[in-house]
Protein chains: 2
Amino acid sequence: MAKNTNVSLSVIKRLPRYYRFLGDLLQNGIHRISSKELAEIMNLTASQIRQDLNCFGGFGQQGYGYNVAALHGEIANILGLESGFKTILLGAGNLGRAITTHMNFEEKGFRLVGVFDSSPNVVGGTVRDFVVQHTDALGTFCGEYQPVVAILCIPKESAGELVPKLIDYGIKAFWNFSHFDINSAQYPNVVVENVHLGDSMMTLSYQVKELVNPPVKE
Amino acid sequence: MAKNTNVSLSVIKRLPRYYRFLGDLLQNGIHRISSKELAEIMNLTASQIRQDLNCFGGFGQQGYGYNVAALHGEIANILGLESGFKTILLGAGNLGRAITTHMNFEEKGFRLVGVFDSSPNVVGGTVRDFVVQHTDALGTFCGEYQPVVAILCIPKESAGELVPKLIDYGIKAFWNFSHFDINSAQYPNVVVENVHLGDSMMTLSYQVKELVNPPVKE
DNA sequence: TAGATTGTTAATCGATTAACAATC
DNA sequence: TAGATTGTTAATCGATTAACAATC
């Protein structure tokens, strides 16, 4: 194990998909799979799968392939899905509430410990099993509970104000649904995973346009 | 214009971000920018910006740079943000409702024309200004309104059942929040933009793990 | 043992960066 | 005109694929 020094982000981003497919195989009672078979199911090359996995260790066996359950477990380990990182969510609007109720935090490495908003209409209400607290209470809360992850479901301007404070309060990672650009050059010891739904939508728009209305060849 | 034959997806995915930053500049009353300045703001290289833009045309002027408003408009055009592609949303649960109310479809190339669900508890209720229809009505609806895009906010199993039908009904593009893997090899004339929130979360988990608990060097 | 399939090295492909002549 | 900055070609870097010896 543990030769994972500086694995590229392209590899990391494929791991959750491996994990999902292996989980499915497991549920279907399949205990063994070769890189060739898995590649076929996942629309990848066998080479890529073997390269990816060998960033972390030799999980297979020559002549046999991979043990599905074992590999599934190894990837869970690599991703840190048992970590239970203490997490706060900022912004209890439509999106924030959907994420709070819709996502399974515990299965994915996180533990939600607080929900915050700045609107008086929302503060004091409940989302799932959380009473929404005012963002003014963040300093005290972080001092006491020391969360490491913040989910940003707030407008751009609020994010601009809150991010420096949160970093000050000890937040180390952001799951960022806002349009605020967290400058990773400015904060080297902070990790950011952006989910820009608007950008994703525009990317789709381009692709639909190309499909429906293809450019004329010269 | 229009030398956009086969632009790589890496380039396309950067366009929405350019669009957002140019919009901000515009709002701040900045009318002109060089690739060098823009690169600084966006944490990119000037080279990359010029390469990216020149996939679509020479929008700049030597010795001057780029006109912000003009470039902003060109990118809107390239992305097809005025297209108003007719779109249906499937699954009026937490996530589906959040997307319906939270996203600005019109600004991003789409027009929402219907919301569907299969649960009797939800069908007949309203989301934003839509009455939720039963998925059984999809065939009739698509025949009449001919939507081209479907947003999938439904469980994996439902997606597995519905996707082939939807393609049959003329749907050409999916914005896929479900965990169902739409096999693009199987459907060559269909475009898919996946948003796997769970995968994104797991990727973040890995990064937090590495940051908080870095691997020991040998 | 023979067959299968891995782990790993080498070759290819694509994307990013650097350099510079063209030109506003 | 001289200075600035583009558009574009060439060089570099990284990621993917192919090949094959190691080995179960």
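Every chain is numbered from 1 and lettered A, B, ... according to where its sequence line falls, protein lines coming before strand lines.
- OP1 or OP2 of C/dT16 sits under 4.0 Å from a side-chain N or O of B/R14.
- A parallel orientation is assigned to the rings of A/Y19 and A/H72, their planes being inclined by less than 30° (bins at 30° and 60°).
- The aromatic ring centres of A/F141 and A/F116 sit less than 6.0 Å apart.
- Rounding to whole angstrom units, CG of residue A/L38 and C1' of C/dG7 are separated by 16 Å.
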I'd like a table of donor-acceptor pairs (distance under 3.5 Å, sequence neighbours excluded) in which one partner is a side-chain atom from residues 149-157 of chain B, with atom names and distances.
{"from": "B/K156", "atom 1": "NZ", "to": "A/D24", "atom 2": "OD1", "distance (Å)": "3.4"}
{"from": "B/K156", "atom 1": "NZ", "to": "A/D24", "atom 2": "OD2", "distance (Å)": "2.4"}

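- DNA chain C is contacted by A/S34, A/S35 of residues 27-36 of chain A, taking any non-hydrogen atom closer than 4.0 Å.
- Atom CG of B/L53 is separated from atom P of D/dT5 by 16 Å (rounded to the nearest Å).
- Rounded to whole angstrom, the span from the CD1 atom of B/I49 across to the P atom of D/dG7 amounts to 12 Å.
- Figure legend: B/R32 and B/Y64 shown as a cation-pi pair, the cationic atom lying under 6.0 angstrom from the six-membered ring centre and within 45 degrees of its axis.
- Rounded to an integer number of Å, the gap from B/I12 CD1 to C/dA15 P is 11 Å.
- No option in B/R14, B/K13, B/R20 other than B/R20 meets the side chain to side chain contact (heavy atoms under 4.5 Å, CB included) test with B/R17.
- The shortest distance between the side-chain N/O atoms of B/Q48 and the OP1/OP2 oxygens of C/dT16 is below 4.0 Å.
- Using modelled atom types, one finds no donor on one side chain facing an acceptor on the other under 3.5 Å when comparing A/E161 with A/S158.
- In this structure, the CG atom of A/N54 is 13 Å from the C1' atom of D/dA22, given to the nearest Å.
- Applying the 4.0 Å criterion to OP1 and OP2 of C/dT16, one finds that B/S47 has every side-chain N and O outside that range.
- Toward the 5' end of DNA chain D, the nearer of the two residues A/Q62 and A/S10, judged by each one's closest nucleotide, is A/S10.
- Residues B/Q207 and A/L9 form a side-chain contact, since some pair of their non-hydrogen atoms from C-beta on lies under 4.5 Å apart.
- The nearest heavy atom of DNA chain C to A/Q51 and to A/Y64 marks one nucleotide each, and the one closer to the 5' end goes with A/Y64.
- Between the P atom of C/dG7 and the CZ atom of A/F59 lies a distance of 9 Å, rounded to the nearest Å.
- Under 4.0 angstrom from either OP1 or OP2 of C/dC24 there lies no side-chain N or O belonging to B/Y66.
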Apply side chain to side chain donor-acceptor pair (under 3.5 Å) to the pair B/S34 and B/E37, showing each step before the final yes or no.
-> CA-CA 5 Å; B/S34 70; B/E37 292 167 307; 3.3 Å; yes

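- Proximity of B/R50 to the phosphate of D/dT6: a side-chain N or O atom is located under 4.0 Å from OP1 or OP2.
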Once Watson-Crick and G-U wobble pairs under 3.5 Å are found, how is DNA chain C written in dot-bracket notation, 5' to 3', with | for any base paired to another strand?
-> ..||||||||||||||||||||||

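- Residues B/Y145 and B/I88 are not in side-chain contact: their nearest non-hydrogen atoms beyond the backbone lie 4.5 Å or more apart.
- Remark: P of D/dT8 and CG of B/D52 are 14 Å apart, rounded to the nearest angstrom.
- When rounded to the nearest whole Å, the span between CG of A/N43 and C1' of D/dT17 equals 16 Å.
- Between the side chains of B/R50 and B/S35, at least one donor N or O sits under 3.5 Å from an acceptor N or O.
- Residue A/Q61 places no side-chain N or O under 4.0 Å from the OP1 or OP2 atom of D/dC24.
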